[in-house]
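What follows is a single structure, written as structure tokens, with notes after it.
Every chain is numbered from 1, with letters handed out A, B, ... down the list of sequences. Computed from heavy atoms alone, side chains included, the values below leave out hydrogens, waters and symmetry copies. Treat the numbers as computed from the prediction; the structure is a model and nothing was measured.
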Amino acid sequence: MMGRAEEARTLGKPLSGYTERSVYVKAERATRQSKTPEAGSSATPLADMMGIITPSALHYERHHAGVPTIDPEQHRLTVHGMVERPLVLTMAEIQRMPSVSRIAFLECGGNSGGEWGALTGPTAQRACGLASCSEWTGVPLRLVLEECGLKPGAAWLIAEGADACRMQRSVPVEAALGEALLAYGQNGEPLRPSQGFPLRLLTPGWEGNLQVKWLRRLLVTDQPYMTRDETSKYSDLMPDGKARIFTLMMEAKSVVTFPSGGQRLPGRGLYELTGLAWSGQGLIERVEVTLDGGRSWQAAVLQEPRLPKAFTRFRLAWQWDGKPAVIASRAVDETGYVQPGKEELIAARGLNSGYHFNGIKLWKVAADGSVANADA
Amino acid sequence: MRTLSVALVFALGLCAQTSRYGVGRVPGAEEIRGLGPTVAPDGTGLPEGSATAVEGRELFAQKCAKCHGEKAEGDVGPALVGGQGTLATPKPRKTVGSFWPHAPVVWDYVHRAMPFNQPGVLSHREVYAVVAYVLFLNGIIGEKDVMDAKSLGKVRMPNRDGFVPDPRPDVKSK
């Protein structure tokens, strides 16, 4: 007799216009309960990420008045103030200009703010997740400013969003004439609404709050406007009561994402430790990993591509002997800057600066394989 | 041919002085005003209108107190009063009165972003009124001091000189 017929296999789903991820993939941004869910942040699940690109749907968010719905046909960018020719530009006109694409991380100035305190983030997402990395496409802001012609003395751009609160930040013109983009593309598609559709400012390496989303206006001035979000927020209060202002560049930082808090190693054996490193000053030069709570450090392998002001993934083969271990990474960037420890940061800035925390993040691996923040 | 080249260079030269890509149009002054006021820290750009804290009291109760508390002491929204003298202590309290360096920027922020769930709903005069009230609650101005485009820029905030430039790198690594 011939062999028995196999159980009939079911056809898969048909072709479709847009693909959702597998029903078995569940990673989501982390939010907090809030009476004002339009204002706040959601954190990227860093430990679930692969490579260096953050899927646009999982890019961290920080909004101040919700995500507006903007028709790109109706959207305009107005550039005025200290320019020879003020201009109103449509999206179609902006997209007619020469474009560039580059991969760059974006990190909220308040990322890891909780790490200053005694109760630190229990997962990589909670501790460091207000950072993401995308390929951005747009027109160099320099070209638009040249089109307008900066008047002598023009030193700042006051950037304004089209969200309900008309979010506003002062941007030094030197940044605008450097790498800044008027970005309209992200990871191969138009910006997601939560990332500023149809147009946002992008100044690679500088704090996220500066990268005004839903950009509708650039006012060119000779001075910063000392806006709410650059004085009362995103400034760093020092022990002497003075607050540092315009601390825009995000210094080198890294975090081990595997093993990291909330995970569990099934048993002793060989693992590939991995994580992400980035620096607002350029390339990551090296990443060192400790497996013994900081007594000794060894170089991790940096995975290509290694790009300036972008996430850089690092890896290290680790033979876990099943004993408790305290692990961490520290990044060194191309300027020689070394990611500091939390104690060093506190020694320099005290406990009330709130923003711009880039300290080393320690994870504690217990004998049962469970991983937690080291101070848990 | 040569004539054409010269003409072309001439044309391109002109373009470079005005527009290289030929995109955009020049907006009129009215159109720019329509985008809403922009306010410099010295008050440049503040619009017409005036009010006192007396006028702001009731408006604050109606439009602001639900989030910021009856006396602006903070609730869902942050405290707007108090905290003066705390910035250099272990428990600093950052409020309009203790931390914000420029009164015109308070006007600007209230105008563009408040009330949280209805930004834009206050008239320019109403914004002067609630700002005057908050400054009064902080003991910075008198209850009957008239706040307008000129006087608001002359208000000296307690933390006017409280901000310093970025000195980084500032951390010594081991």
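With a 4.5 angstrom heavy-atom cutoff, A:T227 touches chain B only via backbone atoms. Contact of B:V105 with chain A is made through the side chain alone, with heavy-atom distances under 4.5 Å. Heavy-atom distances place the backbone of B:P90, and not its side chain, under 4.5 Å from chain A. Residue contact with chain B, scored on non-hydrogen atoms closer than 4.5 Å, involves the side chain of A:R217 exclusively. Proximity to chain A is absent for every atom of B:V106, based on heavy atoms less than 4.5 angstrom apart. A:A92 does not touch chain B: none of its heavy atoms, backbone or side chain, sits under 4.5 Å away. Interface remark: A:I158 contributes no atoms to any contact with chain B (heavy atom separation under 4.5 Å). For chain A, the nearby part of B:E31 is the side chain; its heavy atoms alone come within less than 4.5 Å. Of the two parts of A:P340, the backbone and the side chain both hold a non-hydrogen atom closer than 4.5 Å to a non-hydrogen atom of chain B. In this structure, chain B has a heavy atom under 4.5 Å from the backbone of A:M238, while its side chain stays farther away. Proximity to chain B involves both the backbone and the side chain of A:L345, based on heavy atoms less than 4.5 angstrom apart. B:V26 touches chain A through backbone and side chain together, each having a heavy atom under 4.5 Å away. Heavy atoms of A:K35 lying under 4.5 Å from chain B belong exclusively to its side chain. Contacts between A:L248 and chain B at a heavy-atom distance below 4.5 Å involve the backbone alone (N, CA, C, O).
The greatest number of non-hydrogen atom pairs below 4.5 Å with chain B, out of A:S34, A:P98, A:G81, is found for A:P98.
If you run side chain to side chain contact (heavy atoms under 4.5 Å, CB included) between B:Y21 and each of A:M97, A:E93, A:E146, only A:M97 comes through.
Nearest heavy atoms, A:C165 versus B:P119: N-CG, 4.5 Å. The two residues A:E160 and B:L35 make their nearest non-hydrogen contact at OE2-O, 4.3 Å. Shown here for A:K242 and B:D161, the closest heavy-atom pair between the two residues is NZ-O, 3.1 Å. Closest of all the heavy-atom pairs between B:W100 and A:R228 is CH2-CG, 3.1 Å.
Classification of B:D170 and A:R244 as a salt-bridged pair holds, one side-chain N sitting under 4.0 Å from a carboxylate O.
For the atom pair B:I32 CD1 and A:T78 OG1, the distance stands at 7.0 Å (nearest 0.5 Å). A:R166 contributes atom CZ, which lies 14.0 Å from atom OH of B:Y109 (distance to the nearest 0.5 angstrom). The structure places CZ of B:R168 at 8.0 Å from CG of A:N358, a figure rounded to the nearest 0.5 Å.
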